[in-house]
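Working notes, structure below.
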Amino acid sequence: MASSTPKIYVAVVGVGLVGSEFINQLLAIPSSSSPFHLISLTSTTRTVFNHTHPISSSSWKSELSNSADRPDLPKLTQQLSALVSPTQKVALIDNTSSEDVAALYPTWLNAGISVITPNKKAFSGDISLYEAIVAAASKTGGGRFLNEATVGAGLPIISTLKDLVATGDKVVKIEGVFSGTMSYIFNEYSTGKPDGPAFSSVVKIAREKGYTEPHPADDLNGADVARKLTILSRVISATSPRLQSFASVETTSLIPPALENIATGDEFIARLPEFDDHFQKMRAAASSDGQVLRFVGVVDVASGQVRAGLERYPTTHPFATSLGGSDNIIMFHTERYGTRPLIVQGAGAGAAVTAMGVLGDLLKLT
Ligand SMILES: NC(=O)C1=CN([C@@H]2O[C@H](COP(=O)(O)OP(=O)(O)OC[C@H]3O[C@@H](n4cnc5c(N)ncnc54)[C@H](OP(=O)(O)O)[C@@H]3O)[C@@H](O)[C@H]2O)C=CC1
Ligand SMILES: N[C@@H](CC=O)C(=O)O
Ligand code: NA
């Protein structure tokens, strides 16, 4: 980076698992060579803003927790907008899963502030918000919108699909394992044997490893995969009439009705053991047929079908033999990749690989 080029001002909203790891990865870049100044942090209870004395690696947590200032996103919007100029770039990193924060993206983008996020709500929600974001990000002087980490964490899923579409390839079908949580759960739980660890114990570990959504129900009810499929569908066809929102995805929930409206993730995990027998029966039935259970998603462009659900595969299938940990495996079937699909595989959840995807997007601004 030329020394005369001003450093990019970075503001972070959300300092949870991914947010904290992102900050640590950002601040691990030596300040002498870093193209970024971290000038603001916002949690649900505190905020700091200081563009003259950027936040440093050793102090960020105490600086935030010791701040007397309460979060005020409208004020932050004014502060960041005032810094934007033809020579000064500003980026806001949304590391929350908040719909309220996502609703502010068009405001920030129209002010010339770039928005980078792993938050899936905006690009999978109401088509009006999606279109407002696309319009704001495409106008002259608008900020850039980058969301690679919304699908497959740091895996190059969205960038690969964008390149396929932009170079004129025709997508026929996208299929695979899109949830790191569900991949881990079924890689561990359904191995082809008729028994093994209790379902609830595997879900608990997935949460402890940081794979799940803030509320694990959003993984187990298929909503997280449905959101990802909607995001990909909209890359293929910007305002697909078939996909007004992720709610139109055919989704099979794994959540027993009695657990559908549990308020907190802790309560949900505490009650899940009540249904271990239910899941044991599913595992044993698949095993007796020489099969394993895998939670998969499909975008079938020809039929317009988009669905997320639990499927059975032979123990010899790649989904049974080649996945481990929180692996995602995404298969792009296109005209150019017709006989043999383009496949992207790797960890699809976890703080480090997600934060990498967010920081990788931020580096695209340099
Ligand atoms: N974990 C993973 O592997 C992946 C996660 N993602 C996405 O990354 C995002 C963050 O996930 P993760 O870090 O795991 O979740 P966490 O729950 O650990 O972090 C979310 C943070 O956002 C904070 N927050 C919520 N609303 C606001 C707000 N209005 N202002 C400021 N802070 C707010 C929460 O604060 P509080 O705790 O006080 O509510 C929490 O600290 C989600 O959108 C998730 O879908 C994407 C890919 C992979
Ligand atoms: N909870 C999600 C996080 C990444 O998108 C998953 O398990 O894939
Ligand atoms: Na990705």
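Values reported hereafter were calculated over all heavy atoms of this structure, with side chains retained and with hydrogens, waters and symmetry mates removed. Whatever order the structure lists them in is the order used to number ligands and atoms, beginning at 1.
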Exercise for review: May I ask whether Met182 has any heavy atom positioned less than 4.0 angstrom from an atom of ligand 2?
Suggested key: no
Exercise for review: Work out the angle at the Na ion (ligand 3) between OE2 of Glu148 and O of Ala153, rounded to 10°.
Suggested key: 140°
Revision key, fill the gap. The angle formed at the Na ion (ligand 3) by O of Leu155 and O of Val151 is about (to 10 degrees) 120°
Point to revise | Region of Val18 that comes within reach of ligand 1 [heavy atoms, distance under 4.0 Å] | key: both
**Study point:** Contact check: Tyr211 vs ligand 2, nitrogen or oxygen atoms, below 3.5 angstrom
**Key:** yes
Study note, to complete from the structure: Ranking Asn119, Leu104, Asn95 by closest non-hydrogen atom to atom 10 (C) of ligand 1, top hit is Asn95
Check your understanding: Which one of Ala153, Gly19, Ser20, Pro214 has a non-hydrogen atom at the shortest distance from atom 17 (O) of ligand 1?
Key -> Pro214
Exercise for review: May I ask you to identify the nearest protein heavy atom to atom 2 (C) of ligand 2, giving residue, atom name and distance to one decimal place in Å?
Suggested key: Glu213 OE2, 3.2 Å
Point to revise | atom 6 (C) of ligand 2: nearest protein contact (heavy atom, Å) | key: Gly180 N, 3.4 Å
Review point. Heavy-atom contact under 4.0 Å between Thr42 and ligand 1?
Key: yes
Review point. Applying a strict 4.0 Å limit to heavy atoms, is Gly350 in contact with ligand 1?
Key: yes
Exercise for review: Taking side-chain hydrogen bond (donor to acceptor under 3.5 Å, both in side chains) as the test, write out the residues that go with Thr45, two or more places apart.
Suggested key: Ser43
Exercise for review: Mark whether atom 37 (O) of ligand 1 lies under 4.0 angstrom from at least one protein heavy atom.
Suggested key: no
